[in-house]
**Student:** 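Before we start, here is the structure in question, set down as structure tokens.
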Amino acid sequence: EGNFVSLTRILRSCNISVIRFCKKMINWSDMMNFNDDMRNKLNQLEGSFNVTTAVFKKYKTIFEEIFKCPSAIVPSRFCGKNRKNMKKQALASNDVYHFCWTLFVFIKSRFSRIKNDLINSYHLLLVCIDYCFGAVLTFDNALDIINTTFYGKKFFSF
């Protein structure tokens, strides 16, 4: 506590995965005889990571069914160097992809009861995707990022 070093920074510096880090921390906690509170925090961290990983795999599949696949290259949102010459580009699939996942992670972090709960996390993911889908439908020039096969099959098949 108090050193303000993020787990992401530690993992990048050590070049190890979260799973490997958790295993090493559990082994270290056994050797150092950590108290139960610290062991519970390590178990919660590992559980939260496992839930988030499983939900992310589903997220990619669901997102690619609803929206056009985000490109590997993230386009620049603005053209020009100064504010007067900045022209806002159309909403890209990458923007929605990153916003929706960030929204999910932010909300999930605010509710401690669902951090390790796969079912509730999955439901929260669906709510975030539904919110983003509804928001995209309200934009005039953003409808081109919606997958037409999904939109046509699901909403216009009477």
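Just so it is clear, the structure is predicted and the values come from calculations on it, not from any experiment.
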**Student:** Is there a path of hydrophobic side-chain contacts, each under 4.5 Å between heavy atoms, that joins V127 and I129?
**Tutor:** no
**Student:** Rounded to the nearest 0.5 Å, what separates atom CZ in R12 from atom CZ in R9?
**Tutor:** 10.5 Å
**Student:** Looking at every heavy atom in both C69 and E64, which two are closest together, and how far apart are they?
**Tutor:** SG-CG, 3.8 Å
**Student:** Under a 3.5 Å distance rule, please check whether K68 uses its side chain to pair with a backbone N or O of D144 as donor and acceptor.
**Tutor:** yes
**Student:** Can you establish whether the number of heavy atoms outside I19 located under 6.0 Å from its atom CD1 is more than 12?
**Tutor:** no
**Student:** Does a donor on one side chain and an acceptor on the other come within less than 3.5 Å for T52 and K108?
**Tutor:** yes
**Student:** Please step through side chain to side chain contact (heavy atoms under 4.5 Å, CB included) for the pair Q44 and N116, ending with a clear verdict.
**Tutor:** CA-CA 7 Å; Q44 287 175 354; N116 295 342; 3.9 Å; yes
**Student:** Supply the atom-to-atom distance S93 OG to H98 NE2, rounded to the nearest 0.5 angstrom.
**Tutor:** 9.0 Å
**Student:** Decide whether F111 and L125 are clustered together by the hydrophobic rule: side chain heavy atoms of Ile, Leu, Val, Met, Phe, Trp, Tyr closer than 4.5 Å, transitively.
**Tutor:** yes
**Student:** Do L11 and S17 have side-chain heavy atoms sitting under 4.5 Å apart?
**Tutor:** no
**Student:** Assigning hydrophobic clusters by single linkage (Ile, Leu, Val, Met, Phe, Trp, Tyr; side-chain heavy-atom cutoff under 4.5 Å), is M32 placed with M25?
**Tutor:** yes
**Student:** If we check side-chain contact (heavy atoms from CB on, under 4.5 Å) with I145, which of these qualifies: L91, I66, D95?
**Tutor:** L91
**Student:** For the residue pair S121 and D117, what are the closest heavy atoms and their distance?
**Tutor:** OG-O, 2.8 Å
**Student:** Would you call R39-D30 a salt bridge at under 4.0 Å N-O?
**Tutor:** yes
**Student:** For D130 and L126, indicate whether the former's side chain and the latter's backbone hold a donor-acceptor pair under 3.5 Å.
**Tutor:** no
**Student:** Would Y122 end up clustered with F106 when hydrophobic side chains under 4.5 Å apart are linked, directly or stepwise?
**Tutor:** yes
**Student:** Using a 6.0 Å cut-off, check whether atom OH of Y131 has over 12 heavy atoms from anything other than its own residue.
**Tutor:** no
**Student:** Are the side chains of F56 and W101 in contact, using a 4.5 Å heavy-atom criterion?
**Tutor:** yes
**Student:** Measuring from atom NZ of K23 to atom CD1 of I16, what distance do you get when rounded to the nearest 0.5 angstrom?
**Tutor:** 11.5 Å
**Student:** Decide whether F49 and I26 are clustered together by the hydrophobic rule: side chain heavy atoms of Ile, Leu, Val, Met, Phe, Trp, Tyr closer than 4.5 Å, transitively.
**Tutor:** no
**Student:** Do I107 and C128 pass the side chain to side chain contact (heavy atoms under 4.5 Å, CB included) test, and can you show the C-alpha distance, the side-chain angles, and the key distance before you say yes or no?
**Tutor:** CA-CA 9 Å; I107 294 171; C128 291; 4.2 Å; yes
**Student:** When rounded to the nearest 0.5 angstrom, what distance separates CD1 in I62 from NZ in K57?
**Tutor:** 14.0 Å
**Student:** With rounding to the nearest 0.5 angstrom, report the CG to SG distance, N27 to C22.
**Tutor:** 11.5 Å
**Student:** Hey, what's the ring geometry for F63 with Y97, parallel, tilted or perpendicular (30° and 60° as the breaks)?
**Tutor:** perpendicular
**Student:** Yes or no on side chain to side chain contact (heavy atoms under 4.5 Å, CB included) for F67 and F133, after CA distance, side-chain angles and deciding distance?
**Tutor:** CA-CA 8 Å; F67 298 98; F133 181 73; 4.1 Å; yes
**Student:** Whether the side chain of S48 engages the backbone of L45 through a donor-acceptor N/O pair (distance < 3.5 Å, no angle test) should be reported.
**Tutor:** no
**Student:** Measure from the side-chain N and O atoms of N120 to the backbone N and O of I114, and report whether any donor-acceptor pair falls under 3.5 Å.
**Tutor:** no
**Student:** Mind running side chain to side chain contact (heavy atoms under 4.5 Å, CB included) on L137 and I146 for me, showing each step along the way?
**Tutor:** CA-CA 9 Å; L137 287 178; I146 295 176; 3.4 Å; yes
**Student:** Would you indicate whether M31, at its atom CE, is surrounded by more than 12 heavy atoms from other residues, nucleotides or ligands within a distance under 6.0 Å?
**Tutor:** yes
**Student:** Nearest 0.5 Å please: distance from the CG atom of N43 over to the CG atom of D36.
**Tutor:** 10.0 Å
